[in-house]
Amino acid sequence: MPVEKKETAIQPVAEARPAKKETKRDNAFNPREMEPKWQAKWEADKLYRSVIDESKPKHYALTMLPYPSGDLHIGHWYAMTPSDARARYMRMKGYNVLFPMGFDAFGLPAENAAIKDGVHPMKRTAQNVERMRKQLRSMGAMFDWEREAVSSDPEYYKWTEWFFIQLFKMGLAYRKMSAVDWCPNCNTTLAREQVWGDDRHCERCGTPVIKKDLDQWFFKTTKYADELLNFDGIDWPQTVKTLQTNWIDRSEGASVIFHTAPPSPPAPLPQGEGRHPIEIFTTRPDTLWGATFMVFSPEHPLVDEITTPENKAAVEEYKAQAARQSDIQRGAVDKEKTGVFTGGYAINPVNQARIPIWIADYVLMTYGTGAIMAVPAHDERDFAFARKYDLPIVPVIKPEVQSEADEGEIEAAYIGDGVMINSGPFNGTKVNTEKGRKNPGISKVIDWLEKEGIGKESVNYRYRDWLISRQRYWGAPIPMIHCNAHGWNPVPEDQLPVMLPEDVEWKPTGESPLKLHPTWKNAPCPVCGEPATRETDTMDTFMCSSWYHLRYLSPHYDKGPFDEAEYNYWMPVDTYTGGIEHATMHLLYTRFFHKALRDAGITEGNEPMLQLRNQGMVLGEDNEKMSKSRGNVIAPDVLVDKYGADTVRAYIMFFARWEMGAPWDSQGIEGSARWVRRVWTLFTDPSTTLRSAQGGPIVASDEVKKNLRRKVHQTLRKVTRNFEQFEFNTIVSSLMELMNEMYKAREAGAVGSGEWKEAQEIYLKMMAPVTPHIAEELWTNYLHKPYSIHQQQWPQVDEAAAKEDVIELPVQINGKVRDRINVPAEATEEEVRAAVLASAVVQKYLEGREPRKVIVAKGKLVSLVV
RNA sequence: GCCGAAGUGGCGGAACAGGCAGACGCGCACGACUCAAAAUCGUGUUCCCUCCGGGAAUGUGGGUUCGAUUCCCACCUUCGGCACCA
């Protein structure tokens, strides 16, 4: 039952109390003074310094580290302050919490700026880091700054280089010549993950990429493809798991070896001679008998070999055109299929059929083997191609229930289930729509292929190895040396780090300054000591961020990438928070990295981050993505200056569902500012504006006090659950609600009672993770409790106090709420039923009849069917 | 085309596990205070009607149920990812 509105009978005191103005000034809420004061004290007292403590359970809370652009964005606040609030909550719950911060400091913007204005990236980065540290401190977060790591510091990138060498030694880093994605604006190659969208643009700058044939360093991420598809034991959002699964895109099937056939049918060549094996991958080995032609990618190495003289010109022309097109966009949507006949033939190994070999750009060199068997009867693409070029179509799967009385023209490729036909020994075998071994037809054919030695079960992935070479200066050098006699060898580990030279020139040529440096690249071969050349490319910065969570453990440790004692205590990361845009980039790279290090014996366990939560995005007030060009950017510094950090933190947590994000609302923040100020007033001004009818102070009734206590514990229960579940918006709204109740209780004279004091204490403790400064100020200076509130235990819910004794039950009659009755919370079903039937409203609807059905949902409602 | 997420007042959003739809806040309206405004405080605020009462409503249409924002089926819209992947 809600608090009785006794105060309605009492007139507000019109005249302000004489001392009020003075008091107000003394107690003025001034975050601009108060917040820096506490920030300085917390830091001086090392309040947030996290040290190993075996007596407590540990909690490693991590939020994605920022790039030091030089200005903290509202998006950083949105990502970090709720993470901070939760880390603080975990700390109050009794965990020894590590919540570190650092900078992902290598990267292109600093280098591009250097080309423009000549300021060295090292200098600019240092300045930006300094500025962002200050801005980050203004959040009042519990970062342990003694663990700060900056990826562009030599003491950091020494180990980034060291990791490269470990991967190289394991055979996981290798060099390969291939057609790679090149961003003409960033002047560097990119990994596949870093090329986005329909127009295949650079993830960083938005410029469409082009293809270039280059010799580059790769990490063998594909070796871990299967393991990366396994998310056992980690609590990650389904969305991220799905994105990663789709990105890796495993498909099961078979690899089958075809052979080239002699040019003209009657001339049988001796076994083996002049016959090239052609390996293909197929997910449908059950349709092998329907393969009526083959298609090679124009880049396939066998194309020149098999092309007959009379087709040479056309093939060359097509290849040239395809090469040109790949620079623009070969994979345009719904493009009509094109191709040319090579003049060459292959033998289908299952039925010895002699089938023509075509080239077409719908077959990609980068997937499978770059060659396919074409089964036009059961593949839409092959069907379209066969139709266009009038190639034979042989059905090998017959639908079990054939509605058409046809045998006439086939109108489309048949993809469904059925029975194999025209397939030699397999005629009559059932085929369904399952993939891989789950499909009986596929499974039987694979067994047979293996027995016959024609092919074998095989798995293919869309996933590629990670291209990590970047033709840029501002990154960790790839610690490799090339010698004409001994090839590529790692820099000896005792010579790490390979330092970036500082004396470089910035030229807008698109060439890395490292390459243009007169002497830097000269180094003795680690094997023979003769003059050799350093690799002048640097590493993808995602390499730096793949292990930063390890460097935080001991950022200045020099005997290894991290101190093992710290590792053993803190790892793995318990809660990781950040944007979902990294789903197939950082979040995939770091999992790969951890697994590779595990296999090197450096890390333990299968996963680096146990729990992941993604925040959404803050949009501009115009509901568009924030950008300088749109002029809709919200600057947190300005807001902190105007409202104080606590208000900004509170609003950030309040205004949207964290995982969804929402547009910013400059008026909306006033509500949070009002809340913070009203809490301030509630704690600093205990007087009520009301007097009892007799003119004396009001003394709260037992009922008022009991109701207050109930509300406090109900709120505590809810806020606790919300913290556990990352529901930050309802934490703040529950606190607002409780504050409103406390104002009412104050008016009803509850101030000074034990219940009031308990309410105040619990209120500030619940508030502390959200608004750490005001909570500390009120706790120490107004409640005079021992400093610091951030070292207090999270309060316990008193379930007995939280319980309602009388509840109001809505009464539904035929699904509509017609009445409400008050019953004791403990009332039995019979008692509730009796109370409902006694209601005049219910009687009216019953019109003297018995209800057909009475459903009592205990504590919730009563539903009658009449 | 495939995969995923989401559609609730003027707005952001709430509703623990099928049980009172719209908590909390913004905005708006009215009132108090003020010479006035701002701030502050109070009251109200889903829509509609023949307004003591009643009806409709959580993207649309069905279904299950005493009861559906919640579960099931189909569809629409928006956003994100993938896209000739053999």
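Every chain is numbered from 1, with letters handed out A, B, ... down the list of sequences.
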OP1 or OP2 of [N] versus the side-chain N and O atoms of [X]: is any pair under 4.0 Å?
X: A:Arg674; N: B:C41; value: no
X: A:Arg678; N: B:C41; value: yes
X: A:Lys816; N: B:A56; value: yes
X: A:Arg818; N: B:G55; value: yes
X: A:Asn729; N: B:G12; value: no
X: A:Arg462; N: B:A83; value: yes

Practice item. Describe the nucleic acid contact of A:Asn814 in one word from base, sugar-phosphate, nothing, applying a heavy-atom distance below 4.0 Å. Key: nothing
Review point. Looking for any heavy atom pair under 4.0 Å, which part of the strands does A:Arg852 touch: base, sugar-phosphate only, or nothing?
Key: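 A:Arg852: no heavy atom of the nucleic acid under 4.0 Å.
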Check your understanding: Is A:Arg200 salt-bridged to A:Asp181, going by a charged N under 4.0 Å from an acidic O?
Key -> yes
Produce the list of close N/O pairs, under 3.5 Å, pairing protein atoms with atoms of nucleotides 18-21 of chain B; give distances to one decimal.
residue	atom	partner	partner atom	Å
B:C20	O2	A:Arg820	NH1	2.1
B:C20	O2	A:Arg820	NH2	3.3

Review point. Would you say the side chain of A:Arg649 lies within less than 4.5 Å of the side chain of A:Trp77, judging by non-hydrogen atoms?
Key: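 They are in contact (side-chain heavy atoms under 4.5 Å apart), so the answer is yes.
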Exercise for review: Return each pair, listed once, that meets side chain to side chain donor-acceptor pair (under 3.5 Å) where at least one residue sits in residues 852-866 of chain A; pairs must be two or more places apart or across chains.
Suggested key: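 Of all non-adjacent pairs touching residues 852-866 of chain A, none passes side chain to side chain donor-acceptor pair (under 3.5 Å).
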